[in-house]
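None of these values were measured; they are calculated from a predicted model. Residues take their numbers from the sequence shown, with the count starting at 1.
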Amino acid sequence: MKFKTIFILIGIILFTSLTDKKISPPSGLLCELLRFPELAVITDSIPEFSWIVPNNIAEQKGYRILVASSENLLNENKADFWDSEKIISDNSINISYAGKPLLENSSYWWKVKIWDSNNDSEFSETQKFNTSEFDKNSSSGKSNFVKLPNNPLVAENRQTSIFSKIPPKLFVKTSLNSWFADFGKAAFATLELEINSNYENDSLIIFLGERKNEDNTVNKIKGLSNIGFEKYKMELNKGLQKYQLEIPPHHSNSPNHQKLAPFYSEVLPFRYVEIISQNNIDIIQINQLALFYPFDDSSSYFECSDTNLNKVWELCKYTLKATPFLGIYADGNRERMPYEADAYIQQLGHYSVDKEFSIARYTFDFLIYNPSWPTEWQMHSIFMALKDYMSTGDKEFLLRNYKQLKNKSLIALAREDGLISTTTGKVNDEFLASINMSGKNIQDIVDWPKGTPIGNTQASNAGPTLEGERDGYVFTDINTVVNSFHYYSLKIMAKIAEVLEKEKDKIFFEDRAEKVKESINEKLFDYSKGIYIDGEGTNHSSLHSNMFPLAFDIVPDENIISVKNFIKSKGMACSVYGAQYLLEALFNIGESEYAISLMNSNSKRSWMNMINVGSTMTTEAWDEYYKPNLTWNHAWGSAPANIIPRKLVGIEPIEPGFSKFRIVPQPGELTDIELKLPTIRGSILFNLSVYKNEWKLELTIPGITKSELFLPSKNTEVKINSINQLPNDKIFFAGETKNIFILKSGTYSINAK
C-alpha cells in the first residue's frame, strides 16, 4: 500500500510538472494589420488584433487580451480598458476590440497570452497603438498625417516612410578636385555630406545618377529616358560643416500624382555620385539618405541552384523595398501615380517578401475612388481585394467597398451573350460615375507600350516596331483580353459574395461567369487553328489573346495543348506587366521548365537584361529599345518576386488568412530551392533538394495552420519524418496527377522517390 501511494504521488508530480509547463508566448503582433502601430495612428474605434502562434503548437485553445491606457499598468498585468479574460477560441487574427470605448487622439498598450491543450503561455511583448479622429474615410485619397506628442508626424492607418543613412560601397578621389561614390544600389534618396573647406564662398557641382560611365563618372546622357540623373550646385561654408543636398520638388502632370509630405526632404533615384569642387577640399563623409517604407529584409529569402534566378529574385525583392517610399504603390519616378495593374503586381510581390499590408490597403482605397484610365485596370481592383482577404482574413475592405467592386467588374457594359465592350455605346455618364470616372475616358490597353505604325515617327513612350509589346494585337469592339479579365473578375466577385453571405449575388456572378466563358470559347476561339483570336472581326491571334485565357482557366482541357504550343512559339512577346500573366499561365499547366527559362534568360527581354544594363530595380520596360522614356524603378516589372513563391514553390492560401494553404512545388530542372515566405500566421520555410527521381524536402508549417502538400504521383514512396505515408487524396493539378498529403503545424522531413 505504501509503494502504491508513492507511485500515485510520483504520477501526480509528473502530471503537474507537465501541465504547469509554460508554452512559448505569441509573437508578431499586429494592430489594424500594422506591424509598428506605435509609429502610426488609427481611425477605427474598434481595432483588430492579430498574433503569431509558435509553430510547435498544433492547436490554440484560447487567448486572453489586455488593453490599457498605461504601459505600467500592462506590465503589472492590469487592464483599465479591456481584459478579455480567457476566451475559448482557436482564432489568432483579426480579433475585434471589445472593451471600454477608446478615446480619440490617445495612446494604448496591448498584449496577449494563449493556451494549448494543456498549458498557457506567458504574455507576449507589449505593443503600443495610437488613435486619431475616428470614422474617417480614406476614400478621398488624401494623405493625412498626425503629430504625436514628442514624435514626428505619422500617417493614418499605414506606416510612415523614414530616412536611412547608407554609406558608399566605393568612394574614390578620381582627380585633384573630383570624387566618385557608388552606393551599391539606387534608392529614392538625397545626399548627406561632411566637408572641410579652407575657402570662403566655395561651392561644389554634384551629379546624381542611376548609371555610370566606365571612367567612374556619372552618365550624363539623359536622352529620351527617365533614368535618374540630375546636376546640382552646392554652396559651401568655410570650415568643417555638414550638408544635406536640397532637391527641388518633383513635378508631374499626371492626374493622380503623389507628392511627398511637406516634412520630407525631396528625393530622386540615384546610385552614383560625382562631385567636382572649385578648390582642394576634404570630404570627410558621404551618405545616401534613402527614404524607405518600413521593410524587414529578414522576412523572406530565396536561393536556388540557378545563379541567374537568385539575382532576379534579389532584384525584384529590393524593388519592392525601395519603390513604396511615397506610402502608396506608385508607378515609378516619372509620374509618381498609382495604377491598378501596377499596384496588383506590387501587392502580390510585397506580400511575398514582407509581412506588410497597410500600404496595399491605402492604395486600394485610393484607386477605388481615383481610378486610372485602362479598361482592364478597373477589374484589377477586384483582384487586389480578394488577394488581401485571402492573405489577411480581414473582410473589412470587402464590406466597405462591395458595391464599388461590383461596378468594377464592368458588368454594365455586357451585351446579351455576356461579353463586354467599351466601344458599343454603353460607356455613358451614368456608367462612368458608377466606377468613379466621371469626366474621364476608359480605353482597352491589353499591354504597354504600344507599337509604332508603319510610316509614323516613334514616340518616346512607344516601341520601335509595329507589334509593340502587344504582339501586334488587333483591337476590335469585342476584345478577347478584356473579356478574359471580365470572366475572371466575375469569378472573384462570386467568391467575395460568398464571403459576405450574399447568396443571390454569388449565384448570379457564378452563372454570369459561366455564360461569359462559354461565349469566349464559342465566339473568340479559332477551332481550325486551335487558338484564340484577338476579338470579333479579326483572324489575328496574339500571345495576349491566348495567355490571358490560359491564366484565367478559360481554356477547355481539349484545347490546352494547342494554346500552350502557340504561346511557347512566341517567347516573351509581351511587356514586363504581361509577363506576370504569361508566367502564371505556364505554371498553371505544369510548364515550369519553360517558365523558369523565361525568368532566368539573358535575352534582351529579361530580368537579367535589367541587371546587365545596370539597374538595381526592375525597369518599366525590358529595355530602352522597347520604351525610350522608361524608368529604372518600376515595381510592375517585379513578377518573379511573387511567381517564385506562389507558382514555382507553389504556396498559396486555400482558406483566408493562410489558415490552410497548399504547396505545389514545380522545380523544373532546379536541384535546390530554399525559401522563406512570410504570412500573417508566421513564416513558411521550404527547403527542397532534387537528385534524379528523389526529392528531399524540409518544411516548417506555422502554428495552428494546415497545409496540403502536392507531390508528383510518380514519387510512389513517401516518408514523412521517417515514417511511410500514404496520400490523403489524389488530384490532377498543374499538368499532372499529384498526391496530396495533409500536414499540421510543425517541422517535417519528407523523402519522396
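Note that the CG atom of N310 and the CZ atom of F302 stand 6.0 Å from one another [nearest 0.5 Å]. Taken to the nearest 0.5 Å, the CE atom of M617 stands 11.0 Å off from the CG atom of L320. Within the model, atoms OG1 of T619 and CD1 of I611 stand 10.0 Å from one another, a figure rounded to the nearest 0.5 Å. Atom CG of L260 sits about 10.0 Å away from atom CZ of F188, to the nearest 0.5 Å. If you take OG on S542 and CD1 on I567, they are separated by 10.0 Å, rounding to the nearest 0.5 Å. Once rounded to the nearest 0.5 Å, the distance linking OG1 of T700 with CG of L685 reads 4.0 Å.
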Chi angles and distances behind the side chain to side chain donor-acceptor pair (under 3.5 Å) call for E210, S615 = CA-CA 7 Å; E210 284 185 277; S615 186; 5.3 Å; no

Stepwise salt bridge (Lys or Arg N to Asp or Glu O under 4.0 Å) check, E624 with R211 = CA-CA 13 Å; E624 285 176 276; R211 57 182 169 185; 3.0 Å; yes

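Tested against Y577, the residues W448, W377, W622 include a single ring-ring contact (aromatic ring centres under 6.0 Å, His included) partner, W377. Partner of D354 under the side chain to side chain donor-acceptor pair (under 3.5 Å) criterion, chosen from K321, K317, R35: R35. Checked options I651, L348, L677; the residue passing with R646 is L348 (criterion: side chain to side chain contact (heavy atoms under 4.5 Å, CB included)).
With hydrogens and angles left out, the side-chain atoms of Y351 and D388 include a donor and acceptor closer than 3.5 Å. No side-chain donor from either of S601 and S606 sits under 3.5 Å from a side-chain acceptor of the other. With hydrogens and angles left out, the side-chain atoms of D447 and S575 include a donor and acceptor closer than 3.5 Å.
A salt bridge links R334 and E620; the closest N-O separation between the charged side-chain nitrogens and carboxylate oxygens is under 4.0 Å. Salt-bridge check for K355 with D296: failed, with every basic side-chain N at 4.0 Å or more from each acidic carboxylate O. The pair E230-K222 meets the salt-bridge criterion, since a charged nitrogen lies less than 4.0 angstrom from a carboxylate oxygen. Salt bridge absent: E314 and K185 never bring a charged side-chain N and a carboxylate O closer than 4.0 Å. A salt bridge is absent between E274 and K212; no separation between the charged side-chain nitrogens and carboxylate oxygens falls under 4.0 Å. Ion pair K570/E467 not flagged as a salt bridge, since none of the NZ, NE, NH1 or NH2 atoms sits closer than 4.0 Å to an Asp/Glu carboxylate oxygen.
Relative ring orientation between H350 and Y293 is described as perpendicular, the plane-to-plane angle rising above 60° on a 0-90° scale split at 30° and 60°.
In this structure, L709 and Y748 have side chains that are not in contact, with every pair of non-hydrogen atoms separated by 4.5 Å or more. Residues W632 and P269 are not in side-chain contact: their nearest non-hydrogen atoms beyond the backbone lie 4.5 Å or more apart. No side-chain heavy atom of D444 sits less than 4.5 Å from a side-chain heavy atom of V481. The side-chain heavy atoms of N565 and S569, taken from C-beta on, include no pair separated by under 4.5 Å. With contacts defined as side-chain heavy-atom distances shorter than 4.5 Å, the pair E736/S713 does not qualify. Side chains of S381 and F364 form no contact here, defined as non-hydrogen atoms less than 4.5 Å apart. Here the side chains of V273 and V218 are not in contact, with every heavy-atom distance at 4.5 Å or above. The shortest distance between side-chain heavy atoms of D215 and F180 does not fall below 4.5 Å.
Taking the side-chain hydrogen bond (donor to acceptor under 3.5 Å, both in side chains) definition, one finds that T323 meets it with Q346, sequence neighbours left out. Listed by chain and residue number, N609 satisfy the side-chain hydrogen bond (donor to acceptor under 3.5 Å, both in side chains) test with D623 (two or more places apart in sequence, or in another chain).
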Side-chain donor-acceptor pairs under 3.5 Å in residues 689-696, sequence neighbours left out?
residue : atom : partner : partner atom : Å
S689    : OG   : D672    : OD1          : 3.0
E694    : OE2  : N751    : ND2          : 2.7

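No side-chain donor-acceptor contact under 3.5 Å links N55 to the backbone of I701. Between the side chain of H544 and the backbone N or O of E469 there is at least one donor-acceptor pair closer than 3.5 Å. Distance alone, capped at 3.5 Å, is enough to place a donor-acceptor pair between the S305 side chain and the T671 backbone. Between the E340 side chain and the P374 main chain, no donor and acceptor come within less than 3.5 Å of each other.
Relative to the six-membered ring of F207, K220 meets both conditions, a distance below 6.0 Å and an angle of at most 45° to the axis. Geometrically, K738 does not engage F733 in a cation-pi contact defined by less than 6.0 Å to the ring centre and at most 45° from the axis. For K604 and Y625, the positive end sits near the middle of the six-membered ring, less than 6.0 Å away and at most 45° from its axis.
The two residues Q666 and A734 come nearest to each other via the heavy atoms NE2-CB, 3.7 Å.
With a 6.0 Å radius and a threshold of 12 heavy atoms from other residues, nucleotides or ligands, K568 has its NZ atom above the threshold. L466 CG: more than 12 foreign heavy atoms inside a 6.0 Å radius.
Between Y581 and F552, the ring centre distance stays below 6.0 Å. Within the 6.0 Å centre-distance limit, the rings of F383 and Y488 are counted as a close aromatic pair.
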